[in-house]
Number of protein chains: 4
Amino acid sequence: MARKPMQQRAKATVETIIEAGFICVARHGLQATTTRRIADIAGLGVGSIYEYFDNKEAIFTAMNRHFMAEVVAFVRPQIPELVRMEIVASVRCLIDGIEVLLRRNDERYLKFVRATLGNREAFDFGPVRDVLMDLLLQYVLHHPQMARLPDLAVMSHLLIHASVFIVVQHLSEENPAFSFAELGAGLARMVSHYVTMEIAALP
Amino acid sequence: MARKPMQQRAKATVETIIEAGFICVARHGLQATTTRRIADIAGLGVGSIYEYFDNKEAIFTAMNRHFMAEVVAFVRPQIPELVRMEIVASVRCLIDGIEVLLRRNDERYLKFVRATLGNREAFDFGPVRDVLMDLLLQYVLHHPQMARLPDLAVMSHLLIHASVFIVVQHLSEENPAFSFAELGAGLARMVSHYVTMEIAALP
Amino acid sequence: MARKPMQQRAKATVETIIEAGFICVARHGLQATTTRRIADIAGLGVGSIYEYFDNKEAIFTAMNRHFMAEVVAFVRPQIPELVRMEIVASVRCLIDGIEVLLRRNDERYLKFVRATLGNREAFDFGPVRDVLMDLLLQYVLHHPQMARLPDLAVMSHLLIHASVFIVVQHLSEENPAFSFAELGAGLARMVSHYVTMEIAALP
Amino acid sequence: MARKPMQQRAKATVETIIEAGFICVARHGLQATTTRRIADIAGLGVGSIYEYFDNKEAIFTAMNRHFMAEVVAFVRPQIPELVRMEIVASVRCLIDGIEVLLRRNDERYLKFVRATLGNREAFDFGPVRDVLMDLLLQYVLHHPQMARLPDLAVMSHLLIHASVFIVVQHLSEENPAFSFAELGAGLARMVSHYVTMEIAALP
DNA sequence: CATGAATGAGTATTCATTCAT
DNA sequence: AATGAATGAATACTCATTCAT
C-alpha cells in the first residue's frame, strides 16, 4: 500500500513522478510508458514510485487529475470576462487559450490527451466538462434570451464534447488542411448561428 | 512473412481470424486481445494466424479496414437518396443507420471503435471520412446554393469529425442523459441552421 | 491459463518440470526455488513452465501429488505381506522401505518433505495418510483381537502422524544421536507394547 | 550493525518489536510478515527496527527464543510436581498446560509454531527439548525402576519430538476428528504402557 | 536515538513470435 | 498448410535494507 507522503521532500517526489509520467507519455506513448521508464525520467528508483502510488494506473489517474485541474484553473478565472463577450469572440478566446495550454512544455498535455482519449479510466473528462458547463450556464444567465433555447442540455453536451474532440483531433493532425484558427472560427460561427436561429424561431 | 492467401479456403480463414478479432475485442477488450485468444476463438492454432498476418498489429489493421469498408458499403448506396432529402432528414437518416450498424452482432463494431479510438494506427478513419466527404459533395451538387458557402472545407471536416466522435461517445455512455435520437436531431438542426444562416448572409 | 498437454512431447515436458522442481528444492531450498531456476534446471525457457502450470504454486502441488503417489505406490503392494507380519517386523519393514524411498536421488523427496512440512497447501499429506490407514485397517482385519482396541481411531491417527514427523525429523538430522534403525525399532516396540497392554486389559 | 540495547527504554522497544512480530505472523502469516508491517504494528519507523536487529531473520530468531523461553518458564517450575505424579497424569497435566500457553493471545504462539515448523533456522526447538529432557530425567530419578529401561535416550527423543509435532498438528486442525483431551490421553497411555511392558520384561 | 524516504535486485507472470514436425 | 510447443524479453510490483536528516 502506498504511503501518504508526510514530509516536504515526499510531496516534491510525487510531483516529480507525475511530471515524469507526462514526459514519458509524450516521448514514448502510452503503451511504452512503463514504471521503470517513468522512474528513470524522474531520476528515481522504481520502488520509489510505489511509495506514493498503489500501481501504475494510479499514476495515470493522478496525471489526469493534474491536467484537468490545470485546465479548470485556466478556464474558471476567465468566466466573468468570457460571459460578457459575443459568442464568436468568447469561443475563439477560450479555444485559443486552450491551444496554448495544450502546447506548453512540448505539447505534453496534448499528447497525454491524445493517448488517453480512448481510455475511459485514464481519461476522465469530468472536471473540465463541469467547468465548461458552468461557463455555459453563466453565459446564459448573462444573455437571458438564450435561456429560452430548447434542448439546452442536449446542445451544450453536444457542443462541449464535440469541441473537445475536434480540438484534440486537429491539434494532433500532422498536416492539417487548415489552421487551428480557422477551426476555432468555424466552431464559433456554428454555435452563434445555431443560437441566432433558434432564438428567432421562438414565439 | 505472411503469404498472400490465394485460394478460396485461405480467404475464408482470413475472414475467420478478423471476425475472431472483433469478437475478442468485444468480449475481453483491446488489452486482453491476445493472439492466442484470437486463435482460440477462430478455432485455429496460434501459428496459423501468422500464416496470414505478419503480426498482431496487422490483424487490427485488417479489422479496421474491414469495419471501414462495411460502413462505406452501408453509406455509399444511400447517397443518391440522402442528397435528395432535407438536411435534417438526411442527417437523421444517416445517423440512425449508423447506430444500427454499430450495434449489430452484440455491438461488435461499436466496441471496436471505442477501444481503438485513441490509437492512430489501429483506428484509421480515412475511408469513412472520404465517403462522408463524397456524400457532402454530392449534397452540395444537388443544392447549388450551398456551393457558395464559405469555408466549406473547414466546416465539412469539422462536421464529420465531430459527428463521428459524438456518435461513438454517446453510444458508449452507460447512462446517457438523453436519447440517441435527440442527439441526432440536435446535430441535424445545428447543421441546418448553420447552412441557412450562412446562405442568407451571402450577397 | 495453462494448456492441457496434447502431444507426447508436452507430457514429457511436464515431467521434466516437476523433476526440476524437486531438484531445485533439494539444492536451494523452498524459498530460493524460483520459476526461473526451475526452468533453468529443466533446460527450458521460463515461459514453457506457464504452458503447463497456472502458477508457481501449481508446480508445488504437482510435486506433492507426484511424491505422495510414489509413496502410495510403494506401500500399497506391500500391504498383503505387511499384515501377515508381527507388529514389530511390520513397522520396521515399512519404515526401512520409506527411508530408502526418501533417500533416493540425493534425498530429493526427503528434502522436499522437510521444506514443505510447515506449508499446509504445498504439503498435503492426504493420500499417504489414507494408504497407511488402509494398511492399519487391513492389519486389524488380520488380527481380529485388535479390533476390540478402544480409541482405535485416535491411536491410529496419533501413530501415523507422529511416525511421519518423527521419520522426517530424524532423517533430517545432521548428526543423529542414534541410528534410524534404532528409531524404527523403538517406534515398533512402542506400538507393540501398547497393543499388548490394551488387549490384555480387555475383559 | 545493530547496537546492543543498553537502556531500559531500548529493552522495551526490543520487546515491542518481538511482540509486533508475533502479532503480524498471527494476523498475516509468515510470508506476509514484512519489516514494514512489523514496524507499523510496533508503532515505529522501519529504520528503528534495524537499530535493534541486524536483519529480518534476527527478529524471527528472537521471536523463537522468546517463545521457547516462555515454554521453558512454564514447564520448569512444574517439574517437581510433575515428577511425583503417575505417568498418565503427568503427561496430561503437561499437555493441557501447553495448550493453554499456545492458545494465549489469540493463539499467537500456536500460529507462530505452525508457520515456522518447516524452517530449521526460525524454529529452533532446542531449549524446549532440553527442559523436557530434564523433566524426563528427573522423572526417572524419582522412579528408579525406570532407570533400567533400555534405549532411554532413543525413546525419550522419540517421545518428545513426536509429542511436539502431534500437539501442534492437532491444534492446527480445523475440524479435528477427536478432542485435544483424547489426544493427550492417548499419548499418555501409550507412554505408560510402554514403560510398564519394558519394566516387566526386565530380568 | 528515530525516522521514513529512497533504493534496486529480485519475482512471478505474460505474450508476440518462431519453428520443428 | 497447419499446428502447438517453446521461447525470452519485457513488465508490474515487492521488500529488506540503507542513510541523510
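For the numbers below, each heavy atom of this structure counts, side chains included, while hydrogens, waters and symmetry mates do not. Chain A is the first sequence line, chain B the second, and so forth, proteins listed ahead of strands; every chain is numbered from 1.
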Nearest-angstrom distance from the residue atom CG of D40(A) to P of dT7(E): 11 Å
Nearest-nucleotide wise, let me know which of L44(B) and R36(A) is further upstream toward the 5' end of DNA chain F. L44(B)
N55(C) CG to dT11(E) P: how many Å, rounded? 17 Å
Quick check on DNA chain E: between A10(A) and D54(C), whose nearest nucleotide comes earlier from the 5' end? A10(A)
Name the closest nucleotide to the S48(B) side chain, picking from dT3(F), dG8(F), dA16(E). dT3(F)
Start with the C-alpha gap between I59(B) and Y52(B), add the side-chain angles, then the distance that decides, and say whether side-chain contact (heavy atoms from CB on, under 4.5 Å) holds. CA-CA 9 Å; I59(B) 305 175; Y52(B) 302 105; over 6 Å; no
note: K11(A), atom NZ; dA6(E), atom C1'; distance rounded to Å ~ 18 Å
Value in whole Å for how far the C1' atom of dC15(E) lies from NE2 of H28(B): 15 Å
So, OP1 or OP2 of dA1(F): does either fall under 4.0 Å of a side-chain N or O from Y52(B)? no
Side chain of R9(C), heavy atoms from C-beta onward: which of dA6(F), dC13(F), dA6(E) has the nearest atom to it? dA6(F)
For T35(D) and dA16(F), is the shortest distance between a side-chain N/O and OP1 or OP2 below 4.0 Å? yes
Less than 4.0 angstrom between a side-chain N/O of Y50(A) and OP1 or OP2 of dT14(F), yes or no? no
Does the distance from a Lys or Arg side-chain N to an Asp or Glu carboxylate O, for R9(A) and E15(A), drop under 4.0 Å? no
Could you identify the nucleotide paired to dT3(E), looking across every strand shown and requiring Watson-Crick or G-U wobble geometry with both distances under 3.5 Å? dA20(F)
If the plane angle is over 60° it's perpendicular, under 30° parallel, otherwise tilted; pick one for H66(A) and F22(A). tilted
Distance in angstrom units between Q31(C) CD and dA12(E) C1', rounded: 14 Å
Closest nucleotide among dA5(E), dT18(F), dA5(F) to the V46(B) side chain: dA5(F)
When rounded to whole Å, the CZ to C1' distance for the pair F53(C) and dT13(E) reads 15 Å
Mapping T13(C) and T33(A) onto DNA chain F by nearest heavy atom, which one lands closer to the 5' end? T13(C)
Between E107(A) and R114(A), is there a salt bridge with N-O shorter than 4.0 Å? no
Which word best sums up how the rings of F112(D) and F67(D) line up, parallel for under 30°, tilted for 30 to 60°, or perpendicular for over 60°? perpendicular
Could you tell me how far dT21(F) sits from dC1(E) if I compare only their P atoms? Round to whole Å. 22 Å
Rounded to whole Å, how long is the line connecting atom CD1 of I49(C) with atom P of dG8(F)? 13 Å
T34(A) side-chain proximity, nearest of dA5(F), dA12(F), dC13(F): dA12(F)
Whole angstroms only, please: what is the CD-P distance between E51(A) and dT17(F)? 16 Å
On DNA chain E, compare the nucleotides closest to K56(B) and G47(D); which residue's is nearer the 5' end? G47(D)
In this structure, are over 12 heavy atoms from other groups packed under 6.0 Å from D106(C) atom CG? no
